[in-house]
2 protein chains.
Amino acid sequence: MSKEKWLDFLLICCFWIASTSGVVSINGANASQAKPAKVMAVVDHGMIKDEPADSTAKIIKLLIKAKKEGVKKIVFEKGRYDFYPDRAQEHYLYVSNNDEGLKRVIFPIIDLDGLVIDGQGANFVFHGGVNPFLVQDSSHITLKNLSIDFQRTFHSEATILGVGSGYMDLHIPQAFPYDIKSGTLKFLPQADDVADSSSTQRLRARKEMDQHREYIYKRMLEFDVDKRETAYMVKDLNIGTSVRAEKISGTRNVRIFHPVLTGTVGNTMVFQPKYRNFPGFIVTESSDVIFDNVTIHHAGGMGIIAENSHNITVKNSHVTPSHNRMVSTTADATHFVNCTGKIELINNVFENQKDDATNIHGIYAMVDNIIDQKTLEIRLQHPQQWGFRLAAKGDVLELVQGPSMKTYGTNQVTQIERISKEITRITFDDIIDKRLSIGDSVARVRDYPEVLIKGNIIRRNRARGMLLNCRGKTIVENNTFHAPGAALMFQGDANYWFEQGGVTDLVIRNNVFDNSNFGVWGKAIIAVDAGISAEHKESARYNKNILIENNTFNVYDNGLLLDLFSVDGLIFRNNKINKTNAYPERKVKQAFFRIKFSDDINIEDSNEFTGF
Amino acid sequence: MSKEKWLDFLLICCFWIASTSGVVSINGANASQAKPAKVMAVVDHGMIKDEPADSTAKIIKLLIKAKKEGVKKIVFEKGRYDFYPDRAQEHYLYVSNNDEGLKRVIFPIIDLDGLVIDGQGANFVFHGGVNPFLVQDSSHITLKNLSIDFQRTFHSEATILGVGSGYMDLHIPQAFPYDIKSGTLKFLPQADDVADSSSTQRLRARKEMDQHREYIYKRMLEFDVDKRETAYMVKDLNIGTSVRAEKISGTRNVRIFHPVLTGTVGNTMVFQPKYRNFPGFIVTESSDVIFDNVTIHHAGGMGIIAENSHNITVKNSHVTPSHNRMVSTTADATHFVNCTGKIELINNVFENQKDDATNIHGIYAMVDNIIDQKTLEIRLQHPQQWGFRLAAKGDVLELVQGPSMKTYGTNQVTQIERISKEITRITFDDIIDKRLSIGDSVARVRDYPEVLIKGNIIRRNRARGMLLNCRGKTIVENNTFHAPGAALMFQGDANYWFEQGGVTDLVIRNNVFDNSNFGVWGKAIIAVDAGISAEHKESARYNKNILIENNTFNVYDNGLLLDLFSVDGLIFRNNKINKTNAYPERKVKQAFFRIKFSDDINIEDSNEFTGF
């Protein structure tokens, strides 16, 4: 037992002695009575709603106290609470599919079992480069009836005033501070996002420069201002991190110069932040975590990222922009990596986020070095996977041939040593399969989660609807999808993203696919794919056992409904496909179905096509 | 005792039992004999000189073994050894006056007492974003007879081919990989700085993009190609981080566009890296550290940065560029923060670094919040001071009025709690002086070091020669200074840099000041200054008791020799001042001496002026 844990233990003992002897009363009630779940009202601890001051020190102190005292519920009053970076709790975190870094955490929920945070309608407003919530090494955590937002978003928005050859004129609203420095456009923090009162203007300026890193952009994307979705068939415009700019007449009007610039006057240009440093909720190494009626107006990264966790539910929740902004989170609404148990997304709205509504997958690491007949060094390949805990002692890993993605064996970990955030040394129980070679991959064989995606609305985001790359039973029902790319995608590869997938039992039923695929992020409404190299396509079947029934597909042309690759067993039946006029038809007409290197694909006659 | 320390202790016990019972022999000798200092030759542990492979894993393993076995000396063979980031030991470090971050340390010398690393002429070549040496919580450490260098420097250099209105044409040598992306100039890592052999080209490209962050520039500076020093009176050119660029005819020739561009054809333009992430040697919380015959060819930050350490000597060492590069380290050659005991710089050459040869100072933190009559919250102000340990329990702090920099009291720390990297809460022994108000500063009252600067050559760097802001006895003798700014500067402020200074006993004798101040970084050869606000100038005297004698000043015009502000007591005697033709005379002629708000300044008649 560490010194800290001893102290905790002693404190708990003292508290127990004191409480059972009637010395201490909790919330006015004598603790020796029926012992109801301990509840802490934040108002009793100095956190006053609608007070503009920084509440960070108070919430951190309160969470430490709650942990020590075994409090099971923390209750806010409905209202606004503000949080700044200066007094946040600092943790260096590797957050899968986001960016690693020293995070400034406002709500550190660490090593806790059993806590409900009930916002009762509280709106948490964050300032500057902070990470709102971290749930780590905890279990039975419920977050409900609260919303999070940022005073200044990590992305920036502008209205297109005009477009010419190699330039574009923009109006940048006051909500997105900027400056033209060294002839290039820089986005800046809001002045009031610097909390301290004592510093001089000069220091403030320097701090702003430091914080400026957080507002660096890397590309732009055009949104249709009427439909509030990505404009028809637009692409990301790679303008770099410092586009050339000059002031033009009119308040906050700017001309930017770049060869790739195109767009429609009146639409909104969104500047994508270069990094994903500030996801809204980080859940790691935890279990039984519930989000209920949580609204995420903004995050500088994903809305909710859960990794190496067990049983996660997100229900009755919203990812949606505030203050008339076009964009909510700057990356996926939700994302699940190497999770187990159950993953449930029920009755949520995921809209206007800058990437998919969810992505559920595992992680492959590449074999980098063979030390001896039982020992390997593996390397996490994607920089946003670096530092991820791929396995622990006792876990079973599958050995996967890189080019074919075929699993040719499994082996149990008896010893594991982290060399660096990239490299881990693993010793196995059995002699390693002779077929293994450098460049092959390993992934954890898990209690692959049962996935239930039910009653959600997914719309107006960038990219795809959902990426469901999970080997557990996966049910997708009663959802409405209106995504500019593929509404649903099933994928996996061990050569670029290193995301483990391969469905084995997938049901897609009673959904409305409402004019998806009006953008460039996908070739079909439902796409099943796998990163398998040419010479193995004939034999490899990465995805299995798919049923697609009783769905409605509203489509604006006869482009691909299904694009299938490396599938063994699919039934497509009793679906209604209706022609609409929602978008201009694409010029290149395609069949509704494209099937490559797949077996046992049954497109049944029960499907109804109307209006073609 | 922590679990780790218990394990160490048990291991030591086992080793002791084994060694005294004759079971284990060390370096072939039986340990129960005369017990000579234990020496480890790296060649006996698989580190082969001149082998291109990554030796990182080997040196880390060797250092762990050396610590466990109580090895007192590690010996290399003369030759080249290469180190890459992938398997480095990772530590999140706040490094004063450099940039904080997750450092990838190659030589972690941590919690060690008594170790000599004798390179015997070894040349350590580092690749990518790594930190060569970390000396932390250690004592009696000697590093000698070794050199460090980087395969690809963090700065980049180019030759000026031509200059026009708003543009400049450059030739960029192969040693500085670059690309033109989105119409702007980006510097890149060298392909061979990615060590792993297994990754695909695609991954390599992504890793390079990630590493690209390390080569981001922020400004340029022109160096005279013949004199190999900053060109006469040039300024830093703030071109931003992504200057617009296009390819022009000729291999590796580029035209860049910016209004500030000026320069002389044939000279070298140096692109300054935006960050200081990779200092050469970080010494922190350590004592009795000696650098002897150490050569620093390059570092992405300072050469040697020592903080909160006691007794540091740098002798017979060189900071100097290799491979015909113009620049050595990208920041100060050496730098000492809140150190104690002795600081000795003896018989060194510090040349071509991108900032001062040394800066010795303390740190002020600002009073941010008064909690009660014994408790304050203080804030580290400069982002490159964030995370610095300003004090510990038992330390005495001085209380300093911000605008006057007058110390009006001291108080002893009884309790100290770090809230964040910016904020620390301090409880004092006594009731805090009533005069204290928010915005005042505190600094540690230390055993201020005795400073001996003797026999060094300082030349061809950017900015000043040395900044000596130490209250201990400071002797500067027998050195040669040829710096483009002030050769010597004595300063301190609590409003911008927050560096504690104020000499109290300073002797400057027998030095040659050889045509310094031919650039823009200083108004005199020797400048004594203090950041005191206007209303306190009459009364405040920050610097005291200065003797300047028997020096030779070679000067190219009759600009300021001494610029004195807030000094109490100075004698300037027996100095020789010779006129040279080294540079064009400046147009604005000044007196040799400027004295403001000072007392007891004695410029004696014994000084000889020749050639004016």
Worksheet entry | Side chain / backbone / both / neither for A/Gln89 at chain B, heavy atoms under 4.5 Å | neither
Practice prompt. Mind listing the closest non-hydrogen atom pair of A/Trp386 and A/Gln381 along with its distance?
Written response: NE1-O, 3.7 Å
Fill in: Close aromatic pair by centroid cut-off 6.0 Å: B/Phe83 and B/Phe107
yes
Discussion item. So which atom in B/Tyr217 and which in B/Ile239 form the shortest heavy-atom distance, rounded to 0.1 Å?
Written reply: CE1-CD1, 3.8 Å
Item to complete: Output the option from B/Leu102, B/Asn238, B/Thr184 having the highest count of non-hydrogen pairs under 4.5 Å with chain A.
Response: B/Leu102
Worksheet item: Checking heavy atoms, do the side chain of B/Arg87, its backbone, both or neither come under 4.5 Å from chain A?
Response: both
Discussion item. With a 4.5 angstrom heavy-atom cut-off, is it the side chain or the backbone of B/Arg425 that approaches chain A, or both, or neither?
Written reply: neither
Discussion item. Please verify the inter-ring angle class for A/Tyr178 with A/Phe187; under 30° counts as parallel, over 60° as perpendicular, anything in between as tilted.
Written reply: perpendicular
